[in-house]
Number of protein chains: 2
Amino acid sequence: MSTIEDVAKLAGLSRTTVSRVINNHPYVSEDKRKLVIEAMNQLGYVPNSSARSLRSQKTDVIALFVPRIMNPFFSQLVESMEIAAAEQGYQLIICQTRYSPEKELNYMNLLKMKQVDGVVLASIQNDWKVLEPFLDYGPIVLCNEFDEQANVPSVMLDQVHGAYIATKHLLEQGHRRIAYCRGSTRSNVASHRELGFRKALAEYGIEFDEQYAFRDAFHSEDGRRVFHQMIALSNPPTAVFTGSDEVAAGIISEANKHGCSVPEQLAVVGFDNQEITELMKPTITTVHQPVDKMAQKALEVMIEKIHSRKYKQREVYEFPLKLIVRESTVSNKLAKL
Amino acid sequence: MSTIEDVAKLAGLSRTTVSRVINNHPYVSEDKRKLVIEAMNQLGYVPNSSARSLRSQKTDVIALFVPRIMNPFFSQLVESMEIAAAEQGYQLIICQTRYSPEKELNYMNLLKMKQVDGVVLASIQNDWKVLEPFLDYGPIVLCNEFDEQANVPSVMLDQVHGAYIATKHLLEQGHRRIAYCRGSTRSNVASHRELGFRKALAEYGIEFDEQYAFRDAFHSEDGRRVFHQMIALSNPPTAVFTGSDEVAAGIISEANKHGCSVPEQLAVVGFDNQEITELMKPTITTVHQPVDKMAQKALEVMIEKIHSRKYKQREVYEFPLKLIVRESTVSNKLAKL
DNA sequence: CTGTTAGCGCTTTCAT
DNA sequence: ATGAAAGCGCTAACAG
């Protein structure tokens, strides 16, 4: 394992000069620079990362917090962010909170021990007041999250509008009894969507009906359960808005199994535009989220904060969502138009 | 930002004693220990990670290489490995090679610059001879991969057997013209599966027929294409083995669309046991892979190597795969037995 | 049981 | 344009 000292010796120069070459500093004559580079190659030298970090007080590593990876939405977020980070010369440490405030808090120490230059929160499990003190140690950027109290940048998607256009679409198809599904995370995402859902209903003069509301639907299995709960109602809904394509797929799968035809007897709209939406029969109408753009922007903001060292400022960046109409809300022939 | 020095001063002791407390070393009297802990709490002290790494020559960080995250198989691998790592006090840096040998090689420098204690390769893009020199800088463990030349531990799944039981299942259902799909990665996984497929055919005295072989099927879209290629054959297959549930789903989706009934006219078997297998209609017969066990074992082996410092030794750990029979290979009534 | 001291490998003033 | 030297924060001989 060769060090900068070895390189300096071999090149017949000082450590300082070698360091200058490594960091592309000016004031190094061309011939010395060549000497150094040759020595580095000859020794297969690579600077020691811990030593650099200790000295320069930066690690070029960013921590990304997600509840879990095996949720397609978060997989995509991680994938996009890793690509963006790599382009900027940053590494990504993945932290799965698994919805646990303790785990989240524990991972936060990465910032305090200076193992990472910043934290991107794609999930918040603690009250902001608990997280805020960590701002003394480095930047925190919210991604796909939002908190009224948080005085930090927030890069997010316009969930209110997303739910609004999806619901409006159902209303335009003539539906008036529309069920509503969401997961019950403490995240703002779910509540923003509910706002959008209610807004669309309101425009049509329809009251939000609690008997049609299912706030514990996360996975496809939950979708199956919700389907049964819906058809058991005395006056079942004719359409259902869901907060995820998996739940939508679960509902459709169960509907198929029980001879309930989608969309004729029950229209279904999903969320996320995952691959499954094109594989189910019928294909699923859904809301597309520009996850990669959001991830890229969040990373860009993160890096800016790392450099500017001004962490405690609220900034909100919002991206629009797009409705994608498929067969699960419009009968076959019409969808092809 | 307080340092160990601050803690020492506040406690009226030396840095050494504080360090001993931090690292749970023996020979510290109970009262001094309490003094130190109190001082640490009072200052909100956390040891600086770079300084520790520089001094102790370890980072407690492991790099995990995957081609990409948004492949459900790899998502699960990352998820499982992150959990295992966290339990052992390790962080995980994610490296997406995106099937590029250059990117892979570049990420390998993490080992050389001592930014990570070891590398888990869940994907190999370079010849082993190219990777081997990095063993001078730290351990490399293969996970879900295997290389004849690699003199390092390999934790893998018995792909030969997996493909064998899946194919045998089709043969037992009476199929004799069985198509074969795989992705064409340089990975051993695909070739091992082909071995298993061929072995099953051989047992039934059937020759591998190249016209039924599709070696460029990765995603659901490829499945759709393969479906059309299959039915265009003069003597189309009655069953198809695929290397992934997505491809299987694509085939089934397209078959449904074209009035080709599964499994009656075409039996389909997938691979991975992803959620989609239970959502499609018909549900998909598939091969379950114990990804979490593999990830856990790989991490365990990695940590053992980090401690033992003996990297260049071949060890193979193999986990069995399991066939899960659903509707896509057996007509409805029978599957319920 | 506790403290003194010497670095780990690097970057960065400050001279020259 | 180049080098000498200090020190980032921590751990581990070594001495007592």
Side-chain angles (χ1 to χ4, degrees), chain A residues 1-37 39-40 43-61 109-117 137-138, chain B residues 1-37 39-40 43-61 89 109-117 137-138 307:
Chain A
M1 208 48 282
S2 52
T3 74
I4 197 172
E5 178 80 48
D6 302 328
V7 178
K9 264 184 196 147
L10 183 58
L13 295 163
S14 73
R15 298 204 309 259
T16 313
T17 307
V18 177
S19 175
R20 286 206 179 95
V21 172
I22 292 171
N23 297 290
N24 280 314
H25 283 196
Y27 302 123
V28 179
S29 68
E30 207 38 52
D31 34 334
K32 310 267 173 187
R33 163 169 270 114
K34 278 202 183 114
L35 238 49
V36 170
I37 288 175
M40 295 202 307
L43 293 169
Y45 169 80
V46 174
N48 178 298
S49 148
S50 308
R52 289 188 103 173
S53 300
L54 176 58
R55 183 60 232 239
S56 61
Q57 306 285 16
K58 68 194 189 67
T59 60
D60 293 349
V61 179
N109 277 321
L110 289 175
L111 204 54
K112 216 166 167 182
M113 45 205 285
K114 297 255 167 256
Q115 188 165 352
V116 300
D117 291 343
Y137 307 103
Chain B
M1 210 47 279
S2 51
T3 73
I4 197 172
E5 178 81 51
D6 303 328
V7 178
K9 264 183 196 148
L10 183 59
L13 294 164
S14 72
R15 298 204 309 261
T16 312
T17 306
V18 178
S19 175
R20 286 208 180 94
V21 173
I22 294 171
N23 298 289
N24 281 314
H25 284 195
Y27 303 123
V28 179
S29 68
E30 207 38 53
D31 34 336
K32 310 268 172 186
R33 162 170 270 112
K34 275 199 184 116
L35 238 47
V36 170
I37 287 174
M40 294 203 305
L43 293 170
Y45 168 81
V46 175
N48 178 297
S49 148
S50 308
R52 287 189 104 172
S53 299
L54 177 59
R55 182 61 233 232
S56 61
Q57 307 285 18
K58 68 193 190 69
T59 61
D60 293 350
V61 179
N109 277 321
L110 289 174
L111 204 55
K112 216 167 167 182
M113 50 206 281
K114 297 254 167 257
Q115 189 165 351
V116 300
D117 291 343
Y137 307 102
H307 291 145

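In this text the structure is predicted, and so the values were computed from the model without any measurement. First the proteins, then the strands, lettered A, B, ... as listed; each starts at 1.
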Task: Opening and closing nucleotides of DNA chain C in contact with chain B, under 4.0 Å to non-hydrogen atoms - done: C/dC1 to C/dG9

- [ ] Look up atom CE in B/Met1 and atom CG in B/Leu43, then write down how far apart they are to the nearest 0.5 Å.
- [x] 9.5 Å

Task: side chain to side chain donor-acceptor pair (under 3.5 Å) partners for A/Asp31, two or more places apart - done: A/Ser29

Open item on the list: Less than 4.5 Å apart, side chain to side chain, heavy atoms only: is that true for A/Asn23 and A/Arg52?
Closed with: yes

Open item on the list: Once side chain to side chain contact (heavy atoms under 4.5 Å, CB included) is applied, do any residues pair with B/Ser49, and if so which ones, sequence neighbours excluded?
Closed with: A/Met113, A/Gln115, B/Ser53

- [ ] Search all heavy atoms of B/Asn109 against all heavy atoms of A/Val46 and return the closest pair with its distance.
- [x] OD1-CG2, 4.3 Å

Open item on the list: Distance check, rounded to the nearest 0.5 Å: B/Lys58 atom NZ versus B/His307 atom NE2?
Closed with: 6.5 Å

Open item on the list: When you measure from the side-chain N and O atoms of A/Lys32 to the phosphate of D/dA1, is any distance below 4.0 Å, counting only OP1 and OP2?
Closed with: no

- [ ] For each nucleotide in nucleotides 7-13 of chain D, reading 5' to 3', give B when a protein heavy atom comes within less than 4.0 Å of its base, S when such contact involves only the sugar-phosphate, and - otherwise.
- [x] BBBBBBB

TODO: Could you tell me, to 10°, how much the axis swings from one end of the helix from C/dC1-D/dG16 to C/dT16-D/dA1 to the other, five pairs per end?
DONE: 40°

- [ ] Measure the CD1-CD1 distance between B/Ile22 and B/Ile37 for me, rounded to the nearest 0.5 Å.
- [x] 10.5 Å

- [ ] To the nearest 0.5 angstrom, please state how far the CD atom of A/Gln57 sits from the OG atom of B/Ser50.
- [x] 7.5 Å

TODO: Give a yes or no answer on whether the side chain of A/Lys114 reaches the backbone of A/Tyr137 with a donor-acceptor pair at less than 3.5 Å.
DONE: yes

List, one per line, each side-chain donor-acceptor pair under 3.5 Å for residues 2-16 of chain A, sequence neighbours excluded.
| residue | atom | partner | partner atom | Å |
| --- | --- | --- | --- | --- |
| A/Thr3 | OG1 | A/Glu5 | N | 3.1 |
| A/Glu5 | OE1 | A/Arg15 | NH1 | 3.3 |
| A/Asp6 | OD2 | A/Thr3 | N | 2.8 |
| A/Ser14 | OG | A/Thr16 | N | 3.4 |
| A/Ser14 | OG | A/Thr17 | N | 3.3 |
| A/Ser14 | OG | A/Thr17 | OG1 | 3.3 |

